[in-house]
Amino acid sequence: VEQAARMLAEARRPVVVVSLGPSLVGSSCVVPLARAVAEAIGAEFVACPSFSNSTGAEEAGLRPAEGGMAAWEALGPAPKTKPRAVLCLGDDPLLRLPDVASCRRALEGADLVVAASPYPTECAKYAHAFLPIAGPLEAAGSYVNLWGRKAESPAALGPDGRRPLREVLADLARAMGLPEGAEWRPGPTPELPRPEELKVPGPVGPADGRPFVLTLSPLYPWEGEPLALNAVPNLEREMTLRARDFPEGYISISPEDAGKHGLRAWRRVRVASERGEAALWLHTSPEVPEGVALVPFHLRERVAEVLGGPEPDPLTGLPVFRPIPVSIEEAR
């Protein structure tokens, strides 16, 4: 940390960037802190309110038509308009959106759900039709990388009978009678609020009788996703072991906290906040800071009542679960 701070302070053109990732787990308190660091060293401050793929789509002019909604608006607890048909293109809202229960209800209530993906997803369980498409390594194309630059991706594997998503969409468009070459036109780029205008919540600390701060783990937002697990063998092995050892979900704390509070690993514990409680299995890890309790992002539904309802992030509008003080006791 000291070396990084020195390098930032001595850099000729320092830039401090905050990505969307921290917002996914409700850690927006990093925004004012990052801005303070930028001001202290005279650096430019950049807040990225979208993923690189979303930025690429906007650069290509692929924006929702007037009146269009973001995924969390259409599949959230209070949609502006209830979707009658849902088409999931190579993604799974059940793995991305914090409010899993509301998303599941929206899919169950839709008249038609179509899932297009290289592999069966959670969303596919609710689909009336499943369209197998070529995976990222099976189709050539262009994309926008993390630096916002266009890059080409050659096909590295044979598609094994699956077709690129572009071809599948073209066939769908023709079957629906859309004119050839139909496309969305780029709309005006909305002006983002300045960081000082954001009403960002402050950091969360322990409270009386609740010595831990529960938060969703930001380390692997894609935990549990088949494509990520198949592509990264080490992650797949770790996830398989955790899922086998803790089939009902788990919460991680540091070994020091476990000893301090008389808690033992592999025991069932009761996690309680001012909003609700949940029962999980206890896992200890030296990677978890003292005073923090981590639950993997893909297990967020197990602690939804403890965290309470998701709230909109001031930077992105995406609903997130805020960290919250909790107590952890061995279940009786």
Side-chain angles (χ1 to χ4, degrees), residues 1 21-31 33 95-96 98-101 201-225 228-229 232 234-311 313 319-332:
V1 171
S23 296
L24 281 175
V25 292
S27 302
S28 290
C29 55
V30 304
V31 175
L33 181 58
L95 290 175
R96 296 287 182 273
D99 195 342
V100 181
V204 177
D208 292 340
R210 298 192 176 96
F212 296 93
V213 173
L214 173 65
T215 186
L216 298 175
S217 170
L219 299 179
Y220 300 110
W222 284 3
E223 283 178 332
E225 181 169 334
L229 298 183
V232 187
N234 289 340
L235 179 59
E236 194 275 337
R237 283 194 294 270
E238 181 178 352
M239 288 301 301
T240 300
L241 290 174
R242 295 274 181 89
R244 185 185 64 192
D245 293 340
F246 305 100
E248 299 178 19
Y250 63 93
I251 186 169
S252 298
I253 64 174
S254 70
E256 292 77 11
D257 275 337
K260 184 191 307 182
H261 297 282
L263 299 170
R264 290 176 288 180
W266 301 86
R267 294 297 183 101
R268 196 171 177 81
V269 294
R270 173 179 169 271
V271 184
S273 72
E274 61 181 11
R275 299 176 178 177
E277 61 181 61
L280 296 163
W281 293 90
L282 186 67
H283 169 255
T284 59
S285 170
E287 297 178 353
V288 180
E290 291 188 48
V292 174
L294 289 181
V295 171
F297 185 74
H298 78 283
L299 294 177
R300 59 199 180 280
E301 201 171 12
R302 303 293 177 90
V303 289
E305 293 187 4
V306 180
L307 293 168
E311 306 169 15
D313 179 83
V320 296
F321 287 116
R322 301 287 178 203
I324 191 171
V326 297
S327 61
I328 302 177
E329 302 173 349
E330 191 167 315
R332 304 300 179 186

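What you find for S285 and P255 is that their closest heavy atoms are O-CD, 3.4 Å. Of all heavy-atom pairs spanning R268 and W281, the tightest one is NH1-NE1, 3.3 Å. Counting all heavy atoms, side chain and backbone alike, F212 lies closest to A293 at CB-CB, 4.3 Å. In terms of heavy-atom proximity, P98 sits nearest to P319 at CG-O, 2.7 Å. Of all heavy-atom pairs spanning S327 and G209, the tightest one is CB-O, 3.4 Å. For S254 against V288, the heavy-atom pair with the smallest separation is CB-O, 3.2 Å.
Looking at L280 and R302, their side chains come closer than 4.5 Å, going by heavy atoms from C-beta outward. Taking 4.5 Å as the limit, every side-chain heavy atom of L307 sits out of range of all side-chain heavy atoms of V295. Counting only heavy atoms from C-beta outward, the side chains of V204 and I324 never approach each other to under 4.5 Å. Side-chain contact between P310 and F321: present, with at least one pair of heavy atoms (C-beta onward) separated by less than 4.5 Å. Taking 4.5 Å as the limit, every side-chain heavy atom of L216 sits out of range of all side-chain heavy atoms of P296. Residues V292 and T215 are in side-chain contact: their nearest non-hydrogen atoms beyond the backbone lie under 4.5 Å apart. Put simply, the side chain of V303 does not reach to within 4.5 Å of the side chain of V271, judged on heavy atoms. The closest side-chain heavy-atom distance from L294 to I251 is not below 4.5 Å.
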Could you walk me through whether R210 and E274 pass the salt bridge (charged side-chain N to carboxylate O under 4.0 Å, His left out) check?
CA-CA 9 Å; R210 298 192 176 96; E274 61 181 11; 5.0 Å; no

With side-chain contact (heavy atoms from CB on, under 4.5 Å) as the criterion, how do L214 and V306 come out once you've worked through the C-alpha distance, each side chain's angles and the decisive distance to 0.1 Å?
CA-CA 9 Å; L214 173 65; V306 180; 3.7 Å; yes

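Of the inter-residue distances, the one linking L299 atom CG with F246 atom CZ reads 11.0 Å to the nearest 0.5 angstrom. Considering CZ of R270 and CD of E329, their distance stands at 5.5 Å, rounded to 0.5 Å. Note that the CG atom of D257 and the CG atom of L263 stand 8.5 Å from one another [nearest 0.5 Å].
Salt bridge status for E330 with R264: present, with a side-chain N to carboxylate O gap under 4.0 Å. Ion pairing of E305 with R275 is absent here, as no side-chain N (NZ or NE/NH1/NH2) approaches a carboxylate O to less than 4.0 Å.
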